[in-house]
Amino acid sequence: MRILVIGSGGREHALVRALGHDDVHAAPGNPGIAARAETHPEVGPVPAQILALARKLSPDLVVIGPEAPLVAGAAGALREAGISCFGPDAAAARIEGSKSFAKQVMAEAGIPTAASFTCTTPGQADQALAAFGPPYVVKDDALAAGKGVLVTEDLEAARAHARACRTVVIEEFLDGPEVSLFAVTDGVTAVPLLAAQDFKRAGDGDQGPNTGGMGAYAPLPWAPPDLAGQTMAEVIQPAVDAMRRRGTPYQGLLYAGLALTRAGIRVVEFNARFGDPETQVVLDRLSTPLAPLLAAAAAGDLAGAAPVEWRPGAAVVVVIAAAGYPADPVKGDEITGAERAGEDHAYLLHAGTARNAKGALVSAGGRVLNAVGSGPDVAAARARAYELAATVSLRGGWYRRDIAARQE
């Protein structure tokens, strides 16, 4: 089976690793992915280039990792050309591309979420902020690489963030821990994956600015035992059904970001693709072959797929970031200690790396490497992830020291 994976980050490295097939291609890929797949660094994550490469390679399946090419219509272009693709088309990917659209779908489907206002003028934003009060939750309606959300007690900071957005969604603050639950769907049937928790703030103790994610762990020993079933019944399946009724069936990975509030589950956001860095720990625990599962969803035959099974134990990922991340990450610094192949219970995934003119491995993004550890429980997995992270040397490189230390 020939598979083409689109993307260049840690999520895509995890996907390539989990697919495990001999004939895997990645575009553009990264140096870590290149050890497992044939990479095509000349191909950018834009629909026309993806389609041209797919026509050249004739893959049995294309798996699109990042949200930008999905929102831009890459999946639909591939399917129109007769190429099997795992990922929603542009109309369905609006569930991530526009937070106000996602709120409309949730309202239509009766999905529990925070009360909100969609604002297009400063006056509307000021009224919404006054209506909800602190803590203020201000979300850029459009894609913002995981950094478009501001949660703050500072009214002026909230107003400034709202004014920097063309359209902004302002909503009530949700109490309770947040978790991520992914579901694979073919537009009718949906299958849950393992729930995970990520850490979005830059600093220890959940301080500092939002990032794309500084670490994650799975499973969640403290979560309600019926979390997956309840989420499928109250969130995922109603969303899938609503999208089908709209004439925009959703095929691919539907990511539900959830707040477990005192009043019950509430949806914080939907994403149209595998989350990063949660995918790194979820796929580490997956024992069911990934390729047939994604292919069944792409073919509309998920009901006939084998049941999803999980490896015992836990996994933790620690993100190693470049100096200056998330505001202005430094690029081009040499990395040492990342060449070791790693073992099943501790390995590195490349997230923002490249080769310089001399062939040395260098930083090429804000989130540079992912140290993944696994073990019989979260504590053991965490210890292995941090032990591995400590072996990497990057000038100014840093990581949070409290990933999965406190579980709730």
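Any value given below was found using the heavy atoms of this structure, including those in side chains, with hydrogens, waters and symmetry copies removed.
Looking at heavy atoms from C-beta onward, Val151 lies out of side-chain contact with Tyr136 at the 4.5 angstrom threshold. A 4.5 Å side-chain heavy-atom check between Leu349 and Arg17 finds at least one atom pair inside the cut-off. Within the 4.5 Å cutoff, the side chain of Asp140 has no heavy atoms near those of the Val149 side chain. For the pair Arg384 and Leu388, the minimum side-chain heavy-atom distance is 4.5 Å or more. Side-chain contact between Pro88 and Leu70: present, with at least one pair of heavy atoms (C-beta onward) separated by less than 4.5 Å. Asp89 is listed as a side-chain neighbour of Arg79, based on a closest heavy-atom distance under 4.5 Å. Side-chain contact check for Glu12 versus Ile6: every heavy-atom pair is 4.5 Å or farther apart. Between Val318 and Tyr386, some side-chain heavy-atom pair lies under the 4.5 Å cut-off.
Remark: side-chain polar atoms of Asp226 are not paired, donor with acceptor, to backbone N or O of Gly229 under 3.5 angstrom. The closest donor-acceptor contact from the side chain of Gln230 to the backbone of Ala228 lies at 3.5 Å or more, if one exists at all. Side chain of Gln237 to main chain of Ala233: no donor-acceptor pair is present (N/O by atom type, distance under 3.5 Å, no hydrogens or angles). One N or O on the side chain of Glu172 and one on the backbone of Ala115 form a donor-acceptor pair closer than 3.5 Å. With hydrogens and angles disregarded, a donor-acceptor distance shorter than 3.5 Å links the side chain of Arg367 to the backbone of Gly213. Side chain of Trp398 to main chain of Ala322: a donor-acceptor pair is present (N/O by atom type, distance under 3.5 Å, no hydrogens or angles). One N or O on the side chain of Asn30 and one on the backbone of Ser8 form a donor-acceptor pair closer than 3.5 Å. Arg201 contributes a side-chain N or O that, together with a main-chain N or O of Gly208, makes up a donor-acceptor pair within less than 3.5 Å. Looking only at distances, a side-chain donor or acceptor of Arg400 sits under 3.5 Å from a matching main-chain atom of Gly203.
Going from atom OH of Tyr325 over to atom CD1 of Ile320 covers 13.5 Å, rounded to the nearest 0.5 Å. The distance from atom CD of Glu178 to atom CG of Asp175, rounded to the nearest 0.5 Å, is 10.5 Å. Going from atom CG of Asn370 over to atom CG of Leu348 covers 8.5 Å, rounded to the nearest 0.5 Å. Between Arg273 atom CZ and Thr279 atom OG1 the span is 8.0 Å, to the nearest 0.5 Å. Summarising the geometry, atom OG1 belonging to Thr353 is positioned 5.0 Å from atom CG belonging to Leu361; distances are rounded to the nearest 0.5 Å. Note that CZ of Phe274 and OH of Tyr255 are 12.5 Å apart. Values are rounded to the nearest 0.5 Å.
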For this session: Tell me, with the steps shown, if Phe117 and Phe132 meet ring-ring contact (aromatic ring centres under 6.0 Å, His included).
Result: CA-CA 10 Å; Phe117 294 103; Phe132 288 127; 5.4 Å; yes
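Side chains of Gln280 and Asp284: a donor-acceptor N/O pair is absent below 3.5 angstrom, by distance only. Between the side chains of Gln104 and Ser100, not a single donor N or O lies within less than 3.5 Å of an accepting N or O. Using modelled atom types, one finds a donor on one side chain and an acceptor on the other under 3.5 Å when comparing Ser180 with Glu278.
A salt bridge does not link Asp154 with Arg159: every distance from a Lys NZ or Arg NE/NH1/NH2 to an Asp or Glu carboxylate oxygen is 4.0 Å or more. Taking 4.0 Å as the cut-off between side-chain N and carboxylate O, Glu171 and Lys139 count as a salt-bridged pair. Salt bridge Asp23/Arg2: present, at least one basic N to carboxylate O contact under 4.0 Å.
Among pairs with a residue in residues 185-197, those fulfilling side-chain hydrogen bond (donor to acceptor under 3.5 Å, both in side chains) read Gln197-Tyr217, at least two apart in sequence or across chains.
The only option from Thr118, Thr113, Asp141 that meets the side chain to side chain donor-acceptor pair (under 3.5 Å) definition with Lys103 turns out to be Thr113.
Atom CZ of Arg395 sits in a sparse spot, with 12 or fewer heavy atoms from other residues, nucleotides or ligands closer than 6.0 Å. Taking a 6.0 Å sphere around CZ of Arg355, one finds it holds more than 12 heavy atoms contributed by other residues, nucleotides or ligands.
Classified by interplanar angle (parallel below 30°, tilted 30° to 60°, perpendicular above 60°), the ring pair His25/His40 is parallel.
Among all heavy-atom pairs drawn from Ser374 and Asp344, the shortest one is OG-O, 3.6 Å.
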